Every structure is written in structure tokens, then in C-alpha cells.
Amino acid sequence: MSPRSASVNEELRRRSRERLLQAALELVGERGYDATTLGDIADRAGSARGLVSYYFPGKRLLVQSAVHRLMHRTLEEALEREPRTEDGLERMARAIDAILGLARDHPVVMRQHMAGILQGEGFKQCPEQRRLAELLSDTMSRYGSPDTAADYPMLRALLMGAVYAALVPGVPMPVPVLRAELFRRYGLEWERGAPPGAEAPGGTYHEDLSRFFAPGSRELAEGRGHGGVANQETDAAGQSK
């Protein structure tokens with residue numbers, strides 16, 4: 001058997017990591033954070049348990065990365081849906097609705113995320129978070145900000161504050177009220193974006209998370225005959241150490 005190419009090894013590692021992220025989101029959403037173990041996540045992902053610690057230093061950071069991935073892809077999907085637009089006001093409206101929609105559609109996951117970043121390990125940057133930050137920063141720039149570097153952190157703070165307010169147990173603020181305040185701040189008409197009560201554009205608000213995680217490549221599919229995906233991923237992870 002000829003050795004795998006570097007590109008195939010990289011694809012194996014990428015797919016393994018993404019399956020772990022997807023499994024973490026699914027299980028935390030179903031069971032909650034405390035009832036989900038790293039072993040459960042590895043089993044759901046179909047990965048060797050040792051691979052979890054290879055890719056992530058702990059459960060909290062794995063879940064944080066998974067939620068950042070969900071946020072990034074949800075935002076990306078909202079900004080690029082049909083009809084596509086370069087209108088900065090419309091893109092800002094879509095961004096606000098996308099982030100507020102996460103509190104509505106994934107309350108368990110988002111509540112855990114907000115609680116987790118206040119714990120001792122705090123907020124950690126990861127590839128998923130950087131992609132989210134780039135997309136929000138670009139949204140602020142297209143909106144017409146004269147100083148994106150200063151205005152982006154405020155947008156991020158307002159969005160996270162709104163998500164927090166929507167999820168506080170016992171005294172949650174209604175999403176339409178939070179939306180109205182954010183739209184007022186940024187001078188957006190209520191009809192922009194995806195107003196509450198309207199059918200989700202393109203049917204994007206559902207629980208199937210698989211669309212947020214990249215499918216396998218042709219090279220990976222052809223490699224299935226060389227001992228199975230799990231063994232290939234274990235080998236690929238070991239080769240990169």
C-alpha cells in the first residue's frame with residue numbers, strides 16, 4: 001500500500017475535527033453540558049477517543065469551538081442567502097437576525113456557551129471564532145462604519161448582550177424587543193432581514209446541523225479501502241505530531 005499524500009492526511013484530520021465539533025453541538029443540545037462526556041462526543045463522532053484530546057485541550061474549549069462554528073456558519077448562511085445583496089443595511093439586519101435566531105433555535109447550547117466563557121478558562125480564540133470575527137467585522141465595514149476597528153467590538157458586545165438577555169432563566173427578554181432596539185440603534189427598517197413571525201428564508205431554521213460541516217472529499221472516499229476511516233484518522237493524527 002502506497003503512503004497517503006499530505007493532502008489526504010490533512011483532509012482526514014479536518015473531517016475528524018469537524019465531526020467532533022458537530023457531535024459536541026448535538027450532544028450538548030440533547031443532554032446539556034454536564035451530562036455530555038468527551039467519550040460520548042468521540043463515540044457520536046465515530047472517532048477514537050484519544051483524538052479528542054489531540055484536537056482540543058478540554059471539553060469546555062471543544063464546546064466553545066463548536067458553538068463558534070455554529071455561529072459563523074449561521075451568520076454566513078444568512079448573509080449569502082437568496083436574494084444575495086451587497087446592501088450594507090440589509091446585511092446588518094440579516095446579521096442581527098442570525099445571531100438572535102441562535103438564542104431562539106439553540107437555547108441550551110447558547111446558554112451553555114454564555115456561561116462557559118465566564119468560567120475560569122474564559123474566552124479562547126480558535127479558528128472558528130476568528131472566522132466569525134472576520135465575518136462580523138466585514139458586515140460592519142459594508143454597513144458603512146468609518147472606523148470598523150472601533151465599531152466591530154461594540155456590535156459584538158451588543159449582540160452577545162442581546163443573546164444573554166434572551167436566555168436569562170426566569171426573566172428572558174423577548175427576541176422581538178431586543179431586535180427592535182438593535183434595529184433602532186443601527187437605523188434599520190423592521191422589514192429588513194428576517195422579521196419575527198415570518199417564515200425562515202430558505203427554511204434555514206431547523207435542527208439538522210450537518211449542513212454546517214464540510215462533506216468528505218473524493219480522495220478521502222477513495223481511501224476508505226485502506227483500513228477504515230477511524231484508523232486512517234488515528235494514523236493521520238499521529239503523523240502530524
Side-chain angles (χ1 to χ4, degrees), residues 12-81 95 97-119 121-136 156 159-160 162-164 166-167 169 175 200 202-216 229-230 233 237:
L12 288 166
R13 286 190 290 269
R14 183 185 63 80
R15 283 198 70 200
S16 179
R17 188 177 186 278
E18 293 205 347
R19 283 204 306 273
L20 290 169
L21 292 171
Q22 180 179 348
L25 281 179
E26 291 174 348
L27 288 170
V28 171
E30 293 167 10
R31 307 176 185 178
Y33 179 82
D34 291 337
T36 299
T37 68
L38 289 175
D40 294 335
I41 293 170
D43 291 344
R44 173 68 66 90
S47 296
R49 295 193 177 194
L51 284 179
V52 182
S53 57
Y54 171 77
Y55 290 114
F56 302 97
K59 183 173 74 167
R60 190 170 301 284
L61 296 184
L62 165 56
V63 172
Q64 191 175 117
S65 293
V67 176
H68 282 142
R69 177 57 178 266
L70 173 64
M71 295 174 72
H72 165 248
R73 292 303 303 275
T74 298
L75 178 59
E76 182 179 61
E77 189 175 72
L79 292 173
E80 299 306 318
R81 74 166 185 258
D97 283 335
I99 300 302
L100 288 179
L102 290 167
R104 176 195 62 217
D105 300 326
H106 303 280
V108 175
V109 166
M110 293 305 296
R111 188 177 290 117
Q112 175 53 52
H113 178 65
M114 300 302 293
I117 60 179
L118 296 176
Q119 300 299 314
E121 292 174 297
F123 173 83
K124 299 290 185 181
Q125 284 199 341
C126 61
E128 289 72 26
Q129 185 276 331
R130 287 192 290 272
R131 294 185 189 106
L132 172 63
E134 289 168 1
L135 205 51
L136 275 176
R156 180 184 63 197
L159 290 173
M160 289 299 94
V163 170
Y164 177 85
L167 295 174
V175 167
T204 58
Y205 300 143
H206 54 75
E207 293 301 312
D208 180 12
L209 298 172
S210 63
R211 71 189 189 284
F212 290 147
F213 298 85
V229 170
E233 289 170 346

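Quantities reported herein were computed from a predicted structural model and do not represent experimental measurements. These values consider heavy atoms only, across backbone and side chains, with no hydrogens, waters or symmetry-generated copies.
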Keeping [X] on the side-chain end and [Y] on the backbone end, is there a donor-acceptor pair under 3.5 Å?
{"X": "Y55", "Y": "L62", "value": "no"}
{"X": "T74", "Y": "M71", "value": "no"}
{"X": "H68", "Y": "Q64", "value": "yes"}

Q: Check whether any side-chain heavy atom of P127 lies under 4.5 Å from a side-chain heavy atom of R130, and answer yes or no.
A: yes
**Q.** Heavy-atom check, side chain of M160 versus side chain of V163, under 4.5 Å
**A.** yes
Testing the basics here: between [X] and [Y], what is the closest heavy-atom pair and its distance to 0.1 Å?
{"X": "A23", "Y": "R44", "result": "CB-CG, 3.6 Å"}
{"X": "G32", "Y": "V108", "result": "CA-CG1, 4.3 Å"}
{"X": "R104", "Y": "P107", "result": "O-CD, 3.7 Å"}
{"X": "A166", "Y": "A103", "result": "CB-CB, 4.1 Å"}
{"X": "S47", "Y": "R19", "result": "OG-NH2, 4.0 Å"}
{"X": "R111", "Y": "P169", "result": "NE-CG, 4.1 Å"}

Distance from [X] atom [atom1] to [Y] atom [atom2], nearest 0.5 Å?
{"X": "L75", "Y": "L135", "atom1": "CG", "atom2": "CG", "answer": "4.0 Å"}
{"X": "R73", "Y": "L21", "atom1": "CZ", "atom2": "CG", "answer": "12.0 Å"}
{"X": "L20", "Y": "L25", "atom1": "CG", "atom2": "CG", "answer": "11.5 Å"}
{"X": "I99", "Y": "L132", "atom1": "CD1", "atom2": "CG", "answer": "6.0 Å"}
{"X": "L51", "Y": "F56", "atom1": "CG", "atom2": "CZ", "answer": "10.5 Å"}
{"X": "L27", "Y": "E30", "atom1": "CG", "atom2": "CD", "answer": "5.5 Å"}

Got a sec, which residues hit side chain to side chain donor-acceptor pair (under 3.5 Å) with [X], two or more places apart in sequence or on another chain?
{"X": "R31", "answer": "D40"}
{"X": "R156", "answer": "none"}
{"X": "Q129", "answer": "none"}

Q: Decide, yes or no, whether a salt bridge links E134 with R131 under the criterion of side-chain N to carboxylate O below 4.0 Å.
A: no
Q | Criterion side-chain contact (heavy atoms from CB on, under 4.5 Å) on V28 and V67, from CA distance to verdict | A | CA-CA 10 Å; V28 171; V67 176; over 6 Å; no
